[in-house]
Protein chains: 2
Amino acid sequence: MSELRLPELDPTSDRPVFKQIADHLRAAIDRKDLSPGERLPSESQLISHYDVARMTVRHALQILQSEGLTVAEHGKGVFVRSRPPVRRLASDRFARHHREEGKAAFIAEAEGAGVKPSVDSIEITESEPSPDVAAKLNLSGEDRVVVRARRYLLNGHPVETATSYIPASIAKESQIMEPNSGPGGIYARLEELGHRLDHFTEEIRARMPLRDESRALKLAPGVPVFHLVRTAYDQAGRPVEVCDTIMSSDAYVLSYELPAR
Amino acid sequence: MSELRLPELDPTSDRPVFKQIADHLRAAIDRKDLSPGERLPSESQLISHYDVARMTVRHALQILQSEGLTVAEHGKGVFVRSRPPVRRLASDRFARHHREEGKAAFIAEAEGAGVKPSVDSIEITESEPSPDVAAKLNLSGEDRVVVRARRYLLNGHPVETATSYIPASIAKESQIMEPNSGPGGIYARLEELGHRLDHFTEEIRARMPLRDESRALKLAPGVPVFHLVRTAYDQAGRPVEVCDTIMSSDAYVLSYELPAR
DNA sequence: CAGTGGTCTAGACCACATC
DNA sequence: ATGTGGTCTAGACCACTGC
């Protein structure tokens, strides 16, 4: 690790010193001279190597952190980020045959991938829908929704928060109101209630996390989130659920299949 | 604008001063006390309001910037970010009926949305595929690919770079080698060459941009990118194109439809 | 304890925008 | 000329980690 050789600053360059330093370190990471988990040179080492003020090297380090390349650990050092296991979400993940095997989508898929899934902080409430959710569910006026909020973890590491909205007129007095929604999850319950599912739509955005999201997913600085909103439609064409999920972008690759017809 | 009222610091709080300042400004933005395009108080105004050092308010401002909430403009001030027009990409965007209308997907769709599309910096080369692309295209050994790189703009603002890889054995001597690939784009050409398209797969990741990407898309700090890799398959099940695209995440909402079967 | 990163100060000089 | 943000210095004290 003392093997790491960093270039000198180029005093003729217009590029600010802190950016040059960030460039050097980024290049070392890209070249794998510094591999995931490895410690970067300490601030004081960088200060003496480059002969600059502390704020300058901190600025450089902060650039890397905001790019999601490193994490600082107080009292220990700055480390090259190592990525959590990645979940690949395929477009058949809500296929009925999965549901009929009696497991909720998340659990089934994670076990297939050899990681330990868990779910925590399930909160179930009933409330008025936001205008956005009401529009997606075709609700109006007095209609209320059942809200199921939960957080998914892989190997104990949070990767996703999900909030489902189901019209109260459908969910009332069903197992959808229970923390454990039973085999196959709420989609299986919706089908038992006569809403045979036809298709889903998903809308995907990416952005930097809000503070709450960052906390709930224990996101490292510089890691964006996927914001995915899924709407489930039954065979009568009625929207029966909206699920709003925030996913750590470095725990996921989303995958879809599109017809050419 | 002098209307903006910011709270005082809470000296009893454990929360660092720069975070408290960032919180105040973020809240003002969320409440729309500061709306998109509006200028934030200048550094010196914040310094005198909070009675702190300049580096402290700069740190706070930088937090907001890294969250993508603001942009600094040298000599002018710090402004609440206003978003570019958003493109919604639907999962039927490569349907044959669009192709048969004689327009490439990007142009057709943008015109429908009332924005002026353009394409620039088309580079066409032939080279060895990267291992990743070779694997996706089922290529081996000597096989080469034709590479088409271009950049898409809306109303003059770059939103996406795309690089297509087509097996050279297919593309050679076709209009795919020309900067203007003709009516319906390269997918129409592939079909004329006997590769009737069957379906596409798309893999989506989100992350912070690399330096080059940031420059090519003129991204504001704190804006992540979608990294989307699409593979096109013909009706014989053969992969005939891989398209690697980087999209500004705040210019796009991706939308897909999934079957429940 | 020594070494690490986290926060903060009080200055300096520079480059860009506006009038 | 003035006000804005961009870069940089040279310190200070604090909190966390590890031995």
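Computed over heavy atoms, backbone and side chain alike; hydrogens, waters and symmetry mates excluded. Just so we're on the same page: letters track the sequence lines, and every chain starts at 1.
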Rounded to the nearest Å, what distance is computed from the [atom1] atom of residue [X] to the [atom2] atom of nucleotide [N]?
X	N	atom1	atom2	answer
B:Q62	D:dG5	CD	C1'	13 Å
A:L46	D:dT9	CG	P	13 Å
A:L61	C:dT7	CG	C1'	15 Å
B:L9	C:dT7	CG	P	15 Å
A:E43	D:dC8	CD	C1'	16 Å
A:I47	D:dC8	CD1	P	14 Å
B:Q20	C:dT7	CD	P	12 Å
B:H59	C:dG5	NE2	P	15 Å

Side chains of residues 215-229 of chain A: which donor-acceptor partners sit under 3.5 Å, not counting sequence neighbours?
from, atom 1, to, atom 2, distance (Å)
A:R215, NH2, A:D212, OD1, 3.3
A:H227, NE2, A:D244, OD1, 3.1
A:H227, NE2, A:D244, OD2, 3.2

Worksheet item: Which residues in residues 50-57 of chain B have at least one heavy atom lying under 4.0 Å from any atom of DNA chain C?
Response: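 Within this stretch, B:V52, B:A53, B:R54, B:M55, B:T56 sit under 4.0 Å of the strand.
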Partners passing side-chain hydrogen bond (donor to acceptor under 3.5 Å, both in side chains) against [X] (at least two apart in sequence or in another chain):
X	answer
B:R151	B:D120
A:S130	none
A:S181	none

Worksheet entry | Among D:dG5, C:dG5, D:dT4, the one nearest B:S44 by side-chain distance | D:dT4
Fill in: Reading 5' to 3' through nucleotides 14-19 of chain D, protein heavy-atom contacts under 4.0 Å coded B for base, S for sugar-phosphate only, - for none
-BBSS-
Item to complete: Might you point out which heavy atoms bring A:F18 and A:A60 nearest each other, and give the distance in Å?
Response: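 Shortest heavy-atom contact: O-CB, 3.3 Å.
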Practice prompt. Could you go through the side-chain contact (heavy atoms from CB on, under 4.5 Å) check for A:R15 and A:D10 one step at a time?
Written response: CA-CA 9 Å; A:R15 196 162 174 77; A:D10 175 0; over 6 Å; no
Worksheet item: Should B:S42 be listed as having a side-chain N or O under 4.0 Å from OP1 or OP2 of D:dG3?
Response: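 No, B:S42 has no side-chain N/O under 4.0 Å of OP1/OP2 on D:dG3.
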Worksheet entry | A:R58 side-chain N/O to C:dG6 phosphate OP1/OP2 under 4.0 Å |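 Looking at the OP1 and OP2 atoms of C:dG6, one of them is under 4.0 Å from a side-chain N or O of A:R58.
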Discussion item. Strictly distance-based, threshold 3.5 Å: is any side-chain N or O of A:R148 a donor or acceptor partner for the main-chain N or O of A:E178?
Written reply: yes
Discussion item. Is there a salt bridge (Lys or Arg N to Asp or Glu O under 4.0 Å) between B:D23 and A:R211? Walk through the geometry before answering.
Written reply: CA-CA 10 Å; B:D23 291 345; A:R211 265 227 284 137; 3.6 Å; yes
Practice prompt. Take A:K136 and A:D132 through the salt bridge (Lys or Arg N to Asp or Glu O under 4.0 Å) test and state the conclusion after the steps.
Written response: CA-CA 6 Å; A:K136 285 201 162 67; A:D132 191 50; 3.7 Å; yes
